[in-house]
Number of protein chains: 4
Amino acid sequence: MVDRVVEAAERVLQDVDYQQASTNRIAAAAGVSPGSVYQYFADKDEIVEAVLTRMSDRLAGVIVPALHRAAPLDPASRTRVIVEAVIDALEGEAGLLRALIDRIPTIEQRQAVNAIRARAEETVYQSLAAMPGRVCDSELDRATWMIVELASYLPVRYVLDRPPIAREAFVEDLVDLILRIGYGP
Amino acid sequence: MVDRVVEAAERVLQDVDYQQASTNRIAAAAGVSPGSVYQYFADKDEIVEAVLTRMSDRLAGVIVPALHRAAPLDPASRTRVIVEAVIDALEGEAGLLRALIDRIPTIEQRQAVNAIRARAEETVYQSLAAMPGRVCDSELDRATWMIVELASYLPVRYVLDRPPIAREAFVEDLVDLILRIGYGP
Amino acid sequence: MVDRVVEAAERVLQDVDYQQASTNRIAAAAGVSPGSVYQYFADKDEIVEAVLTRMSDRLAGVIVPALHRAAPLDPASRTRVIVEAVIDALEGEAGLLRALIDRIPTIEQRQAVNAIRARAEETVYQSLAAMPGRVCDSELDRATWMIVELASYLPVRYVLDRPPIAREAFVEDLVDLILRIGYGP
Amino acid sequence: MVDRVVEAAERVLQDVDYQQASTNRIAAAAGVSPGSVYQYFADKDEIVEAVLTRMSDRLAGVIVPALHRAAPLDPASRTRVIVEAVIDALEGEAGLLRALIDRIPTIEQRQAVNAIRARAEETVYQSLAAMPGRVCDSELDRATWMIVELASYLPVRYVLDRPPIAREAFVEDLVDLILRIGYGP
DNA sequence: TATGAATGAGGATTCATTCAT
DNA sequence: CATGAATGAATCCTCATTCAT
């Protein structure tokens with residue numbers, strides 16, 4: 001039932017304005033009465049939060065295995081594998097992503113998003129720290145921040161804006177940029 | 001009168017939730033009656049659009065002169081000057097930017113944003129085209145897209161998230177990335 | 001318009017349950033849209049408060065002149081005049097009184113009622129203090145409290161319950177009790 | 001089970017607004033499912049009615065023995081004993097009383113209260129009838145009504161409002177008033 | 001008998017918009 | 001032009017009640 005509502009919410013969010021995605025409409029889309037929604041969600045925010053969490057989980061379901069596959073590889077290959085996985089994951093969520101990016105009115109609802117981000121930073125930091133020939137210690141934090149921004153935002157824009165750029169070329173560029181940050185100019 | 005309303009809208013948008021920034025509240029903040037607002041704006045979306053346009057104009061007011069100052073310089077210096085100007089411009093708009101990023105419910109309202117973007121792409125493309133030792137012709141579009149994304153999004157995140165990174169270091173990294181894209185790996 | 005709403009509220013409160021006296025129903029009874037109500041009243045409580053205030057004012061409109069008429073009389077006559085006025089006033093409000101007594105869910109809304117009470121206490125206290133042969137100083141407060149309770153509650157019950165008691169007999173009894181309190185046993 | 005629900009209802013009514021004392025909340029407080037409640041009570045009103053009945057029974061449990069103890073005494077002592085018992089009884093119920101007085105939305109629910117009242121009138125009437133030197137026959141009804149009102153309402157206000165009056169003084173006054181009614185002015 | 005998930009009408013309130021003045 | 005009172009559909013949410021298990 002929780003699932004039914006969240007899935008309905010995902011559908012409604014993709015169909016209409018965030019503002020028009022009313023609880024009643026979501027309930028109707030779920031084939032459920034408005035009252036029922038409130039047995040599983042305290043308020044509307046919790047529904048949106050659940051949508052974000054589910055999406056995050058699906059993204060993680062694609063990306064985390066890639067992290068494991070990538071672990072034993074050399075930095076360039078590892079970065080490429082992960083970047084590919086990020087793009088794959090985002091492509092599977094393009095519809096919902098488009099609905100949520102720039103539409104979520106409050107930042108507080110982004111716990112799920114922040115959780116992903118924290119995990120990403122940890123992974124990047126550890127990865128960098130273990131890399132031979134990398135930037136000096138004092139720049140690890142900066143490099144981590146830059147890489148996470150590059151590796152999260154550019155793929156999102158690539159998937160949402162569908163610029164006329166071949167995917168391999170985009171991946172190549174992005175990997176190059178990330179390594180450049182990792183090794184310093 | 002248009003200005004009064006738009007300025008009030010900017011103030012209200014920074015003060016309260018996007019959802020609570022009602023036309024009545026904006027009218028009140030402007031010291032104008034709700035009815036009068038509708039003599040200059042067809043609906044609420046037009047007000048928000050006007051806010052975005054005004055913000056875009058202010059951003060352009062900082063960035064365009066920098067483009068002129070930067071024109072005669074060598075690519076590295078030119079990029080640096082422009083990146084600095086972009087950050088300066090965004091810092092002046094941090095409050096409103098924070099209010100609008102993640103809050104604008106419809107992407108359709110972003111005409112003003114798209115206008116800026118188109119201008120940026122034109123500038124970058126011309127700049128790249130004229131640069132000696134640059135990427136080959138077939139990659140101009142890709143490089144343009146990547147650079148515009150880099151040069152617009154990273155400064156926004158830098159200004160809004162205020163990561164613990166020195167501004168000069170951030171500028172240096174960003175300039176390096178942009179040049180890397182411009183010259184190819 | 002305020003009046004229209006408050007009058008409608010009075011009517012609705014007399015017709016239906018306090019719980020069923022919804023803002024929408026009141027608006028409908030006033031021939032006004034639900035939204036209009038909220039231009040004059042912050043919330044439902046304010047409407048009820050206004051109803052109470054209006055009723056209090058009407059009660060005062062009957063009782064205050066009686067206080068003036070009564071002022072020059074001897075204690076027994078004065079008390080009788082006032083008691084008669086209280087009963088007269090309450091009889092004019094029997095319908096609304098019945099609707100509100102025992103139906104107001106929160107005590108906080110009773111500002112209007114408390115205001116009346118405070119005025120009554122002041123009047124009784126002054127009256128007692130100036131009376132020859134009255135109870136001693138240390139008992140003024142007690143006598144005041146008792147008299148106010150007697151003179152407010154018993155008439156209310158008399159008007160609402162309509163016991164088979166002649167009005168003159170009731171007045172006589174009540175005046176007797178009040179004087180008894182005033183002079184001590 | 002009935003008891004469990006009614007006790008829970010008493011607790012809930014004292015804790016929250018009458019409007020928020022929902023059947024679901026009462027069921028939860030009773031550790032019972034909402035559905036089960038409806039096997040013993042036709043609707044919410046019946047629950048409240050049961051609460052009132054139980055409270056009435058507890059009041060009677062204190063007052064009725066006092067009536068017996070008081071029976072052989074002279075009128076003044078008898079009245080005092082009963083008044084003391086009434087105050088004692090009400091003080092034990094102050095919490096619930098405060099929750100219900102001014103909050104019960106419909107007078108129709110007050111069967112239990114009316115039952116108490118009928119019993120009180122009977123007792124007072126018999127008592128008066130048997131009293132030497134009492135008011136004349138034609139005034140028995142009036143005296144009964146007045147005494148019941150005095151002896152029920154004033155103690156309630158005394159217990160709920162806690163005016164700064166010593167209990168003995170209050171009892172003395174009230175007994176005096178009642179006897180005054182009983183014997184006529 | 002007991003459950004508790006499900007119901008859905010209804011509640012208070014908001015707000016983009018209109019229109020008579 | 002400007003006003004601002006009035007609108008009324010729509011919003012989020014509650015809760016007395018039901019019914020399949």
Side-chain angles (χ1 to χ4, degrees), chain A residues 1-2 4-5 17 19-28 30-48, chain B residues 1 4-5 16-28 30-48, chain C residues 1-2 4-5 17-28 30-48, chain D residues 1 4-5 12 16-28 30-48:
Chain A
M1 164 70 92
V2 168
R4 240 166 105 184
V5 172
D17 233 35
Q19 317 231 46
Q20 292 176 330
S22 69
T23 53
N24 283 353
R25 199 194 276 249
I26 290 170
V32 152
S33 86
S36 299
V37 171
Y38 287 85
Q39 286 205 325
Y40 301 97
F41 302 94
D43 55 20
K44 196 188 174 184
D45 283 357
E46 265 194 15
I47 303 175
V48 176
Chain B
M1 164 72 92
R4 246 167 98 183
V5 173
V16 305
D17 247 25
Y18 182 84
Q19 317 232 41
Q20 293 177 328
S22 66
T23 52
N24 284 347
R25 202 193 277 247
I26 290 169
V32 155
S33 86
S36 300
V37 170
Y38 284 83
Q39 231 132 36
Y40 300 97
F41 301 93
D43 56 19
K44 194 188 176 185
D45 283 358
E46 267 195 14
I47 303 176
V48 176
Chain C
M1 164 69 91
V2 168
R4 239 166 106 185
V5 172
D17 233 34
Y18 180 84
Q19 316 232 46
Q20 292 176 328
S22 68
T23 53
N24 284 349
R25 199 195 276 248
I26 291 170
V32 152
S33 86
S36 299
V37 171
Y38 287 86
Q39 287 204 324
Y40 301 96
F41 303 93
D43 55 20
K44 196 188 174 184
D45 282 358
E46 266 193 16
I47 303 175
V48 176
Chain D
M1 166 71 94
R4 246 168 98 182
V5 172
V12 171
V16 305
D17 247 24
Y18 182 84
Q19 316 231 42
Q20 292 176 329
S22 66
T23 53
N24 284 346
R25 203 193 277 246
I26 290 169
V32 154
S33 86
S36 299
V37 170
Y38 284 83
Q39 230 131 38
Y40 300 97
F41 302 92
D43 56 19
K44 195 189 176 185
D45 283 358
E46 267 195 14
I47 304 176
V48 176

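All figures in this text were calculated on a predicted structure; none of them were measured in a lab. In what follows, chains are A, B, ... by sequence order, proteins preceding strands, each numbered from 1. Hydrogens, waters and symmetry mates are skipped; everything else that's a heavy atom, side chains included, is used.
The nearest whole Å value for the distance from the CG atom in D/Asp17 to the C1' atom in F/dC15 is 14 Å. Following rounding to the nearest Å, B/Phe41 (CZ) and F/dA2 (C1') show an atom-to-atom distance of 15 Å. Computed from coordinates, the A/Lys44 NZ to F/dC12 C1' distance equals 8 Å when rounded to whole Å. We find that CD1 of B/Ile26 is positioned 8 Å from P of E/dA16, with the value rounded to whole Å. Look at CD on D/Gln19: it is 14 Å from P on F/dT14, rounded to the nearest Å. Across the protein-nucleic acid pair, C/Tyr38 atom OH and F/dG8 atom P stand 17 Å apart, rounded to whole Å. Going from atom CG of D/Asp43 over to atom C1' of F/dT18 covers 14 Å, rounded to whole Å.
Residue contacts for C/Thr23: at a heavy-atom cut-off of 4.0 Å it reaches a base atom on one of the strands shown. D/Tyr40 comes within 4.0 angstrom of sugar-phosphate atoms only, judged by non-hydrogen atoms across all strands, and of no base. C/Asn24 comes within contact range of at least one nucleobase, with a heavy-atom separation under 4.0 Å.
Residue C/Ser33 places at least one side-chain N or O closer than 4.0 Å to OP1 or OP2 of F/dT7. Within the structure, a side-chain polar atom (N or O) of D/Gln39 is placed less than 4.0 Å from OP1 or OP2 of E/dA2. A sub-4.0 Å separation between OP1 or OP2 of F/dT7 and a side-chain N or O of C/Ser36 is present.
To the nearest 0.5 Å, atom CD1 of residue C/Ile47 and atom CD1 of residue C/Ile26 are 5.0 Å apart.
Under the 3.5 Å distance criterion, the side-chain polar atoms of B/Asn24 are left unmatched by any main-chain donor or acceptor of B/Ala27. The backbone N or O of D/Gln19 sits nowhere less than 3.5 Å from a side-chain atom of D/Asp17 that would complete a donor-acceptor pair.
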Trace of the side chain to side chain contact (heavy atoms under 4.5 Å, CB included) decision for B/Tyr18 with B/Val48: CA-CA 10 Å; B/Tyr18 182 84; B/Val48 176; 3.6 Å; yes

Pair D/Val5-D/Phe41, side chain to side chain contact (heavy atoms under 4.5 Å, CB included): steps then yes or no: CA-CA 10 Å; D/Val5 172; D/Phe41 302 92; 3.7 Å; yes

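Each of D/Ala42 and C/Pro34 was matched to the nucleotide of DNA chain F holding its nearest heavy atom; the match closer to the 5' end belongs to C/Pro34. Where D/Val32 and A/Met1 each meet DNA chain E at their nearest nucleotide, the meeting point lying more 5' is that of D/Val32. Residue whose closest nucleotide on DNA chain F sits further toward the 5' end, between B/Gly35 and A/Arg25: B/Gly35.
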Bracket string, DNA chain E, 5' to 3' - pairs by Watson-Crick or G-U geometry under 3.5 Å, | interstrand: .||||||||||||||||||||

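C/Tyr40 and C/Val2 make their closest contact through CD2-CG2, 3.5 Å (heavy atoms, listed as atom of the first residue, atom of the second, distance). Here the closest heavy-atom approach between residue D/Met1 and residue D/Ser36 is recorded as CE-CB, 4.4 Å.
With F/dT3, F/dC13, E/dC15 as the candidates, the nucleotide lying closest to the side chain of B/Gln20 is E/dC15.
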